Amino acid sequence: MRNIELSFIDSKRSILGDLKKAFPDGSISEKGFCYESNNELFNYEIIKFFGDIHIVLFEGKLTVDTHVTIKPNEMKSVVLRFILESDITHGENETAIGEGKENGATLFNTYTEQNIRLKKNTKIKWLAIHIPIKEWLEFAESRWDKLEEIVINQSPWILFESMTPTFSRLIKDIFSYQNLEVGKKGLISAKAIELSTYLFVQLYKRHDDKEKYGIPDVELSKLFAIRDLLSQNLDSPPDIDSLSKTFAMSPTKLRANFKKVFGMPPYQYLLAERLNESYRLLESSDRSLTDIALSLGFNDQSHFTKSFKKNFDCLPSAIRN
């Protein structure tokens, strides 16, 4: 196991220095940091946006399991991290994050140490946007009140979101601009704004009712286990009563705490996962709409089509065409 210790970004110079210590044979350039040796690649590009906002593009493949510890620093920020074409495990609960996983995006604060495990011989590709809390509040202009409550909370917190087709498309666009000689920073910055806004809007809409963001009052491992049961059984999920008995909490407490972490009640989350999976299947297979609908637990094709249209504002057939 390789151990790497970094700090959250407060300046480009400090993070590049941390990476150089971890990989002495790597090189620092205007773009960022690159290490390539013995079938390993660690390419870490940092783009300073405006103010102290930084965009990080990371690609790599390591030959040994690697544990990365990211320590807090004086600059308090929120971080949006999107995992593409790979997966990592995050935090004490070893939560899998990545495209095709239940979680593809995270939003968290830098008030506490972060622990990430990178699997050996696995392609790693992620994008992160570091926004100082002061600058986020100026951007929000007190119009995102429910989000603001969690952003200014100095307790450790993390929110998870699925990797939606929109997120995936925008991230791929950003990586495609990496080798541009002209217009690179402007195009990447524009897409990063769009990507961040989509995530914030999605989080905001899912909490746009009387329930507020908050820190769960049950063990996170229980909530992750409930989430996994739902995601692994899209066609025939356990009902709320059986989940309540299995995890020894009332249905009301289960719903409320699940929403605090994953942004929606359990069965709204289940519907979102069914729809995201259906989108992936429409893009990557030639299965019929009826087959996809029934395999994901929809009553029939009509029910599936109506739900898909409401969520993605287009018919399933449009994805194929």
Side-chain angles (χ1 to χ4, degrees), residues 1-49 52-75 77 79-92 94-99 101 104-106 108 110 112-132 171-182 184-185 187-189 191-192:
M1 173 72 71
R2 174 191 284 138
N3 294 297
I4 299 175
E5 186 172 302
L6 306 173
S7 297
F8 285 110
I9 293 177
D10 56 4
S11 73
K12 188 172 181 177
R13 178 178 297 178
S14 65
I15 192 70
L16 295 181
D18 289 340
L19 291 171
K20 184 67 174 176
K21 290 178 184 176
F23 297 96
D25 294 331
S27 58
I28 295 175
S29 67
E30 291 183 3
K31 287 185 177 181
F33 179 85
C34 184
Y35 167 75
E36 191 168 2
S37 177
N38 299 324
N39 299 316
E40 287 194 308
L41 173 66
F42 193 102
N43 189 35
Y44 198 95
E45 182 171 0
I46 303 173
I47 299 169
K48 188 172 182 180
F49 190 11
D52 288 309
I53 298 176
H54 292 81
I55 302 165
V56 174
L57 304 177
F58 172 50
E59 291 185 87
K61 187 174 182 180
L62 304 175
T63 57
V64 296
D65 289 330
T66 301
H67 180 263
V68 182
T69 301
I70 309 177
K71 294 189 173 293
N73 55 30
E74 293 182 2
M75 182 178 291
S77 304
V79 179
L80 297 76
R81 184 179 289 140
F82 301 86
I83 313 299
L84 189 66
E85 296 180 9
S86 58
D87 66 90
I88 64 174
T89 55
H90 188 289
E92 295 179 358
E94 297 278 309
T95 305
I97 308 172
E99 190 173 41
K101 302 293 181 182
T106 59
F108 54 91
T110 61
T112 189
E113 182 179 288
Q114 293 281 323
N115 291 284
I116 298 172
R117 189 182 300 273
L118 308 177
K119 297 178 182 178
K120 67 179 181 180
N121 300 321
T122 301
K123 185 177 180 182
I124 307 157
K125 193 172 188 177
W126 82 51
L127 179 150
I129 304 170
H130 295 244
I131 308 174
I171 294 166
K172 288 175 181 177
D173 285 346
I174 289 172
F175 275 98
S176 74
Y177 297 146
Q178 269 189 296
N179 296 319
L180 290 178
E181 293 184 4
V182 179
K184 172 182 171 178
K185 183 174 181 179
L187 288 168
I188 288 179
S189 298
K191 289 293 182 181

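On a predicted model such as this, the values are computed, not experimentally measured, just so you know. We use all heavy atoms of the structure for the numbers below, so side chains are in, but hydrogens, waters and symmetry mates are not.
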Using side-chain heavy atoms (C-beta onward) and a distance below 4.5 Å, is Asp52 in contact with Pro132?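 Of all side-chain heavy-atom pairs linking Pro132 with Asp52, at least one is under 4.5 Å.
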Measuring from [X]:[atom1] to [Y]:[atom2], what's the distance to the nearest 0.5 Å?
X      : Y      : atom1 : atom2 : answer
Thr106 : Ile116 : OG1   : CD1   : 8.0 Å
Asn43  : Tyr35  : CG    : OH    : 13.5 Å
His54  : Ile46  : NE2   : CD1   : 6.5 Å
Leu41  : Thr63  : CG    : OG1   : 11.5 Å
Ile129 : Ile47  : CD1   : CD1   : 10.5 Å
Leu127 : Ile171 : CG    : CD1   : 6.0 Å

Ring pair (Phe, Tyr, Trp, His ring centres under 6.0 Å) with Phe42: which residues, sequence neighbours excluded?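 Ring pair (Phe, Tyr, Trp, His ring centres under 6.0 Å) list for Phe42, sorted by chain: Phe23, Phe58.
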Of all residues at least two apart in sequence or in a different chain, which pass the ring pair (Phe, Tyr, Trp, His ring centres under 6.0 Å) check with Phe82?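 Partners of Phe82 by the ring pair (Phe, Tyr, Trp, His ring centres under 6.0 Å) criterion, ordered by chain and then number, come out as Phe167.
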Check salt bridge (charged side-chain N to carboxylate O under 4.0 Å, His left out) between Lys184 and all other residues, then give those that pass, not counting sequence neighbours.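 For Lys184, the residues satisfying salt bridge (charged side-chain N to carboxylate O under 4.0 Å, His left out) (neighbours in sequence not counted) are Glu45.
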Glu5 side chain to Thr69 side chain, donor-acceptor N/O pair below 3.5 angstrom: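 The answer is no; no qualifying pair exists.
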Looking only at non-hydrogen atoms, find the nearest pair between [X] and [Y] and report the distance.
X      : Y      : answer
Lys191 : Ile174 : CB-CG1, 3.4 Å
Ile4   : Ala22  : CG2-CB, 3.6 Å
Ala128 : Val79  : CB-CG1, 4.3 Å
Lys120 : Val64  : CB-C, 3.4 Å

Using the side-chain contact (heavy atoms from CB on, under 4.5 Å) rule, take Arg117 and Met1 through it: C-alpha gap first, then chi angles, then the decisive distance, then the call. CA-CA 10 Å; Arg117 189 182 300 273; Met1 173 72 71; 2.5 Å; yes
Not counting sequence neighbours, which residues clear side-chain contact (heavy atoms from CB on, under 4.5 Å) with Ser189? List them please.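 Once residues adjacent in sequence are excluded, the partners of Ser189 under the side-chain contact (heavy atoms from CB on, under 4.5 Å) criterion are Phe49, Ile55, Lys185.
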List in chain and number order the residues that pass side-chain contact (heavy atoms from CB on, under 4.5 Å) with Lys21, two or more places apart in sequence or in another chain; answer none if no residue qualifies.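 Per chain and number, Lys21 pairs via side-chain contact (heavy atoms from CB on, under 4.5 Å) with no residue.
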Would you say CG of Asn3 has more than 12 non-hydrogen atoms from neighbouring residues, nucleotides or ligands within 6.0 angstrom?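 Yes, because the 6.0 Å sphere around CG of Asn3 holds more than 12 heavy atoms from other groups.
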Would you please test Leu57 and Ile188 for side-chain contact (heavy atoms from CB on, under 4.5 Å) and show each step? CA-CA 10 Å; Leu57 304 177; Ile188 288 179; 4.2 Å; yes
Tell me, which pairs form a salt bridge (charged side-chain N to carboxylate O under 4.0 Å, His left out) where one or both residues lie in residues 55-73, sequence neighbours left out?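 Listed once each, the pairs are Glu59-Lys125, Lys71-Glu113.
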Backbone N/O of Thr110 and side chain of Ser77: donor-acceptor pair under 3.5 Å: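 Looks like no, no N/O pair under 3.5 Å.
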